[in-house]
Protein chains: 2
Amino acid sequence: MRKLPDISLELCRYSHVLEIISNKWTALAIYAMEDGTIRYGEMKRRIEGISQKMLTQTLKQLERDGVANRKLIPSVPPITEYSLTPLGESLLPLMNMLKLWAVDHYDDVKKARDEYDVSR
Amino acid sequence: MRKLPDISLELCRYSHVLEIISNKWTALAIYAMEDGTIRYGEMKRRIEGISQKMLTQTLKQLERDGVANRKLIPSVPPITEYSLTPLGESLLPLMNMLKLWAVDHYDDVKKARDEYDVSR
DNA sequence: CAGTATCCCGTACGATACTG
DNA sequence: CAGTATCGTACGGGATACTG
């Protein structure tokens, strides 16, 4: 009897997290909200290299995913404040592990890549 | 004095991990090697929906990053065995946290998305 | 200030065919 | 069995200009 595939994108649920946090700027946006409420403009200033389009797009996705809160204060000029939801805060330990792994092991990755690349 | 950007892709090191594991099939390939050595063909059978091209490409990247070992046994027909390196194994706790978070919170994400989508 | 609206490009991914 | 090689496409992301 033939063995059926037992690893699928659906069942093995890594991708469900990765589709949330693996976009280029998402982790940085979450990081910017870690200490509490922050305005759009201040995020833009704090996140090096991000464009308005990408910041807006990233925040929209986070809002849609229930990770970030958007609070528009109608004034002229307008004020928009972003913060993490409880769901968003539940991501923080995960993000910290990602960072720790990178700090501990990324040099090994770089070394492995260099060795691999010269050997071809 | 103007505050400089204090969050950058370089310094905040999330992306260093994500660039390794955030490809579509990478996590599943790592998962397939979790229990030890596995042949190319068996991985192909176990990972639902993966093509030869994507499996080969994924494994090559993992080998280059120092995450997977490739052992070619020259016979006819050839046998190729893949396994995790120590560096690869150091990723497993991380992957498990990803999975746990997904199991615990992905329903909330789905709900948030549904609500967001109907409200526009 | 906090966004939209366009245009454009590289590349991740997929389908298919071929090979030592 | 374990790969290459080639072609095609969708989409993430960037540059730039405009707006309530």
Side-chain angles (χ1 to χ4, degrees), chain A residues 2-3 5 7-10 14-15 18-29 32-33 37-65 68-83 116 120, chain B residues 2-3 5 7-10 14-15 18-29 32-33 37-65 68-83 116 120:
Chain A
R2 179 129 168 293
K3 190 129 186 313
I7 304 176
S8 78
L9 287 169
E10 268 318 296
Y14 302 120
S15 53
L18 294 175
E19 77 184 25
I20 298 173
I21 60 169
S22 75
N23 300 311
K24 180 165 182 183
W25 302 102
T26 303
L28 299 192
M33 294 182 284
T37 297
I38 182 173
R39 292 183 62 174
Y40 180 95
E42 201 192 341
M43 287 189 87
K44 174 102 174 53
R45 254 171 284 122
R46 288 187 63 195
I47 302 177
E48 183 179 11
I50 198 168
S51 68
Q52 281 195 340
K53 180 196 156 182
M54 290 316 295
L55 180 55
T56 301
Q57 184 175 307
T58 301
L59 289 170
K60 237 182 211 163
Q61 281 174 147
L62 289 176
E63 194 195 353
R64 177 170 181 268
D65 289 342
N69 266 318
R70 178 177 182 270
K71 183 176 173 192
L72 171 64
I73 300 169
S75 56
V76 184
I79 293 172
T80 317
E81 291 179 342
Y82 289 91
S83 58
Y116 183 94
R120 324 271 141 167
Chain B
R2 175 122 171 297
K3 190 132 186 311
I7 303 175
S8 78
L9 286 170
E10 268 317 295
Y14 302 120
S15 52
L18 294 175
E19 75 183 29
I20 298 172
I21 60 169
S22 76
N23 301 311
K24 180 165 182 183
W25 301 102
T26 304
L28 300 191
M33 294 182 284
T37 297
I38 182 173
R39 292 183 62 173
Y40 180 95
E42 202 192 341
M43 287 189 89
K44 172 102 174 53
R45 255 171 284 121
R46 289 188 61 195
I47 301 178
E48 183 179 9
I50 198 168
S51 67
Q52 281 195 339
K53 180 194 156 182
M54 289 316 295
L55 180 55
T56 301
Q57 183 176 308
T58 301
L59 289 170
K60 237 180 210 164
Q61 281 174 150
L62 289 176
E63 195 196 353
R64 177 171 182 267
D65 289 343
N69 265 319
R70 177 176 180 273
K71 184 176 172 191
L72 172 65
I73 300 168
S75 56
V76 184
I79 295 172
T80 316
E81 291 178 342
Y82 289 91
S83 57
Y116 183 95
R120 325 269 140 168

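All values reported here derive from a predicted model rather than from experimental measurement. Here is how names work: the chains are called A, B, and so on, in the same order as the sequence lines, proteins then strands, and each is numbered from 1.
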Atom CG of A:Leu72 and atom C1' of C:dA2: how far apart are they, to the nearest Å? 9 Å

Side-chain N or O of B:Arg39 less than 4.0 angstrom from OP1 or OP2 on D:dA2? yes

Of A:Gly41 and B:Asn23, whose nearest nucleotide on DNA chain C comes first from the 5' end? A:Gly41

Do you know which of A:Glu81, A:Lys71, A:Glu42 makes side chain to side chain contact (heavy atoms under 4.5 Å, CB included) with A:Thr37? A:Glu81

Using whole Å, what does the distance between atom P of nucleotide D:dG12 and atom CG of A:Leu28 come to? 18 Å

Between D:dA15, C:dG20, D:dG20, which nucleotide gets closest to the side-chain atoms of A:Lys53? D:dA15

Mate of C:dG3 where both pairing distances stay under 3.5 Å, Watson-Crick or G-U: D:dC18

Separation of D:dG20 atom C1' from A:Tyr40 atom OH, nearest Å, is 15 Å

With a cut-off of less than 4.0 Å, is there a side-chain N or O of A:Lys60 near OP1 or OP2 of C:dT4? yes

Taken to the nearest whole Å, CZ/A:Arg45 to P/C:dG3 is 14 Å

Can you tell me how far apart CE (B:Met54) and CG (B:Leu59) are? Round to the nearest 0.5 Å. 10.5 Å

Side chain of B:Thr56 only, heavy atoms from C-beta on: which candidate in D:dT4, D:dG14, C:dT4 is closest? D:dT4

Return the pairing partner of D:dC7 with a 3.5 Å limit on both distances, Watson-Crick or G-U wobble; otherwise return none. C:dG14

Below the 4.0 Å mark, does D:dG3 have OP1 or OP2 next to a side-chain nitrogen or oxygen of B:Arg70? yes

For residues B:Ile21 and A:Tyr14, determine if any side-chain heavy atom of one lies less than 4.5 Å from a side-chain heavy atom of the other. no

Ignoring hydrogens and geometry beyond distance, is the side chain of A:Lys24 in donor-acceptor contact with the base of D:dG13 at under 3.5 Å? no

Students often get this wrong, so: under 4.0 angstrom with heavy atoms, is B:Thr80 touching a base, only sugar-phosphate, or nothing? sugar-phosphate

For A:Ile73 and C:dA2, what is the distance between atoms CD1 and P respectively, to the nearest whole Å? 10 Å

Which distance, rounded to the nearest 0.5 Å, do you find between the CG of B:Asn23 and the CG of B:Leu18? 10.0 Å

Counting N and O atoms only, with roles assigned by atom type, does the side chain of A:Tyr116 sit under 3.5 Å from a partner on the main chain of B:Gln61, one being a donor and the other an acceptor? no

Looking at B:Trp25, does any N or O in its side chain come under 4.0 Å of the phosphate oxygens OP1/OP2 on C:dG14? yes

Can you tell me if A:Tyr82 touches the phosphate of C:dC1, counting only side-chain N or O atoms and a distance under 4.0 Å to OP1 or OP2? no

Here the pair of heavy atoms bringing B:Thr26 nearest to B:Thr58 is CA-CG2, 3.7 Å

A:Leu9 CG to C:dG14 C1', straight-line distance once rounded to whole Å: 13 Å

Between C:dC1 atom P and A:Ile38 atom CD1, what is the distance in whole Å? 14 Å

Specify the residue among A:Gln57 and A:Pro77 whose closest nucleotide of DNA chain D lies further upstream toward the 5′ end. A:Gln57

Selected nucleotide, minimal atom distance to B:Met54 side chain, candidates C:dG14, D:dC1, C:dA2: C:dG14

Expressed in angstrom and rounded to an integer, what is the separation of B:Leu55 atom CG from D:dG3 atom C1'? 10 Å

Comparing A:Gln61 and A:Pro78 on DNA chain D - which has the more 5′ nearest nucleotide: A:Gln61

